[in-house]
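Reviewing the structure listed below.
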Amino acid sequence: MSDRLFIFDTTLRDGEQVPGCQLNTIEKIQVAKQLEALGVDVIEAGFPVSSPGDFNSVIEISKAVTWPTICALTRAIQNDIDVAVEALRFAKHKRIHTGIGTSDAHIRYKFNATQDEIIERAVAAVKYARRFVDEVEFYAEDAGRTDNAYLARVVEAVIKAGARIINIPDTTGYCLPQEYGDKIKYLMENVNGIDKAIISTHCHNDLGMATANTMAGVINGARQVEVTINGIGERAGNTSLEEVAMIVKCHKGLNIETNLNTKQIYPISRLVSSLMNMPVQPNKAIVGRNAFAHSSGIHQDGVLKNTNTYEIIDPHDVGIDDNAIVLTARSGRAALKNRLKMLGVELNQEKLDLIYEEFLKLADKKKDINDDDILLLAGADRTLNHRIKLEYLQVTSGVGVQSVASLGLNISGEHFEACASGNGPIDAAIKALKKIIDRHMELKEFTIQAISKGSDDMGKVHMQVEYNGHIYYGFGANTDIIAASVEAYIDCINKFKL
Ligand code: KIV
Ligand code: ZN
């Protein structure tokens, strides 16, 4: 019989720590519902004490989903636990995830404590959390760089105190797969009472080994994996849910099963990428645009004869539907609504009407409308309440002439216009913008990307603008990349703390 592997998704907590990719509560609920449809066991919904936004998201996600356990993160501090308990009050199944750093570096520099004091604090936190919930998960932060013998002492103590799940994070993404696997094996063999708990992996990808380390943990006895959609997360990210899911599906010899409906992988990957404005690298395993695209003649020939020659995964198994209807200007509201539903976005009639209007405008400019376009349109109302909006933009540019831009802004209902020349059309447009909004702001980073292919494609622009010592992240999407760039700049300005 196969062993069950529990999937703990932390897209909405660790994943959401990517700078500039924060979601609002409504967006988090959308992702949580799709995670439920995907079949994850646990959704880590936030770190309630960290902000009112996180607190509120845990409450709303708890109300919105039924089956998955809702987990809230805390430090090993009573007040954190009290706030988490409060935030989890509507969850049908709840878990508190508490913990403390256990590596020498954390003990010495973060806590200025001794090893024994850390064990005392860990035990006290677990006991305190157990007063309120049955399921307490303990994390030993920086376990990847913690001495195994000491880690075993910590784990034994917290299991005795009532922790049911033990998370062994490789917080800095430092471990080698063999080393991480050996760590899990060591705990399985040396901790009294380990049979009363489930060991969980939590691997970061700083050296590109998160998935390999996670699998080494599973092979050595871990039965929960902490993962994110598209592998998103701070720095180089976390272990990707889709990679682990397909590894255990492909390698039957592992004798591991999950509750995942893998056909939901692609839709949720697109949804998360779109809501977070975070492109998926084209060669990303499982969900990248090129993950199933064979370009060499030898491969194409083989795949045409029999897909088994070069494909280890059937793209349909991860929800890539090559027969997906491409929407065009002739598609009706029902087709749009249906496609959005498939992508995890459910809308009321009023919002559907609004998006349909935008859809028709886009379809005028662009022949085929794909999933990314639709998701972008669905998120377009994010700018609805913005104080500053672009009203029009006109640019003249070319070879041997100076670029000139004139633009109109609507700022809190008032109209402003300006015109400027510059070193290229984007420079000219931004200079015109700065004539209206005269602040000391500096463009720090700027990327332009086409979403899929075709010269009529939507361009996506990500920007970072520094203002008053802070970096602000902005995003714009338009078939006109100069307009997308100005929209991204305005998006940054709308976020300024004044
Ligand atoms: O990476 C880490 O150590 C974490 C813990 C807070 C679980 O995210
Ligand atoms: Zn982490």
Side-chain angles (χ1 to χ4, degrees), residues 6-19 21-22 40-51 54 58 69-77 80-81 83-84 87 95-107 109-111 118 121-122 125-126 129 135-146 150-151 154-155 158 163-175 179-180 183-184 187 197-211 213-214 217 222 224-241 243-244:
F6 294 97
I7 306 293
F8 176 114
D9 183 275
T10 184
T11 305
L12 297 174
R13 200 278 298 169
D14 222 1
E16 212 238 354
Q17 279 173 224
V18 183
C21 293
Q22 276 64 40
V40 306
D41 299 286
V42 185
I43 296 174
E44 189 164 46
F47 179 12
V49 84
S50 69
S51 70
D54 258 40
V58 175
T69 294
I70 304 300
C71 178
L73 185 80
T74 81
R75 293 165 297 181
I77 294 176
D80 282 28
I81 296 171
V83 175
R95 179 182 297 181
I96 287 182
H97 189 190
T98 190
I100 195 161
T102 54
S103 64
D104 286 346
H106 279 231
I107 296 175
Y109 303 117
K110 223 173 123 176
F111 301 110
I118 292 295
R121 288 200 212 177
V126 170
E135 259 185 38
V136 173
E137 171 167 341
F138 175 79
Y139 64 86
E141 195 178 4
D142 205 11
R145 294 188 301 165
T146 300
Y150 174 62
L151 187 60
V154 177
V155 171
V158 294
R164 293 279 170 267
I165 303 97
I166 306 295
N167 178 11
I168 306 298
D170 183 18
T171 306
T172 57
Y174 169 78
C175 287
E179 196 182 354
Y180 189 77
K183 193 174 278 290
I184 303 297
L187 297 174
I198 291 175
I199 293 200
S200 183
T201 65
H202 179 113
C203 299
H204 281 266
N205 204 30
D206 298 67
L207 293 172
M209 292 189 289
T211 301
N213 285 346
T214 296
Q224 178 180 278
V225 288
E226 305 196 2
V227 289
T228 61
I229 301 294
N230 300 335
I232 60 164
E234 236 182 321
R235 310 186 310 276
N238 291 55
T239 305
S240 305
L241 179 145
E243 291 174 12
V244 176

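Quick note: numbers below take in every heavy atom, side chains included, and nothing from hydrogens, waters or symmetry partners. Indexing begins at 1, ligand by ligand and atom by atom, following the structure's order.
Heavy-atom contacts of P169 reach the following atoms of ligand 1: 2 (C), 3 (O) (cutoff under 4.0 Å). Under a 4.0 Å criterion applied to the non-hydrogen atoms of D14, ligand 1 contributes the atoms 8 (O). For ligand 1, the atoms sitting less than 4.0 Å from at least one non-hydrogen atom of T171 are 1 (O), 2 (C), 3 (O), numbered in the order shown with element in parentheses. Listed by atom number, the atoms of ligand 1 under 4.0 Å from E141 heavy atoms are 3 (O).
If you look at H202 and ask which of its N, O or S atoms sits nearest the Zn ion (ligand 2), the answer is NE2. For D14, the N/O/S atom at the shortest distance from the Zn ion (ligand 2) is named OD2.
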Query raised in the report: For H204 and D14, what are the C-alpha separation, side-chain angles and deciding distance, and is it a side-chain contact (heavy atoms from CB on, under 4.5 Å)?
Result: CA-CA 10 Å; H204 281 266; D14 222 1; 3.1 Å; yes
Query raised in the report: Could you go step by step and tell me if H202 and F8 meet the side-chain contact (heavy atoms from CB on, under 4.5 Å) rule?
Result: CA-CA 9 Å; H202 179 113; F8 176 114; 5.7 Å; no
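Counting heavy atoms from C-beta on, the side chains of T201 and Y180 come closer than 4.5 Å.
No hydrogens or angles considered: nothing links the side chains of N238 and T228 as a donor-acceptor pair under 3.5 Å. No side-chain donor-acceptor contact under 3.5 Å links E141 and T171.
At least one heavy atom of R13 sits closer than 4.0 Å to an atom of ligand 1.
Distances between N or O atoms of H97 and those of ligand 1 include no value under 3.5 Å. Checking only distances, N167 never comes within under 3.5 Å of ligand 1, N or O to N or O.
Distances from atom 6 (C) of ligand 1 to the heavy atoms of Y139, F47, F138 show the closest one on Y139.
Using bins of under 30°, 30° to 60° and over 60° for the plane-to-plane angle, the ring pair Y139/H97 lands in the perpendicular bin.
D80 places a side-chain N or O within 3.5 Å of a backbone atom of R75 that can act as its donor or acceptor partner. Between the side chain of S103 and the backbone N or O of T146, no donor-acceptor pair lies under 3.5 Å.
Closest to atom 4 (C) of ligand 1, if we only count protein heavy atoms, is H202 NE2, 3.5 Å.
Heavy atoms of H204 found under 4.0 angstrom from ligand 1 belong exclusively to the side chain.
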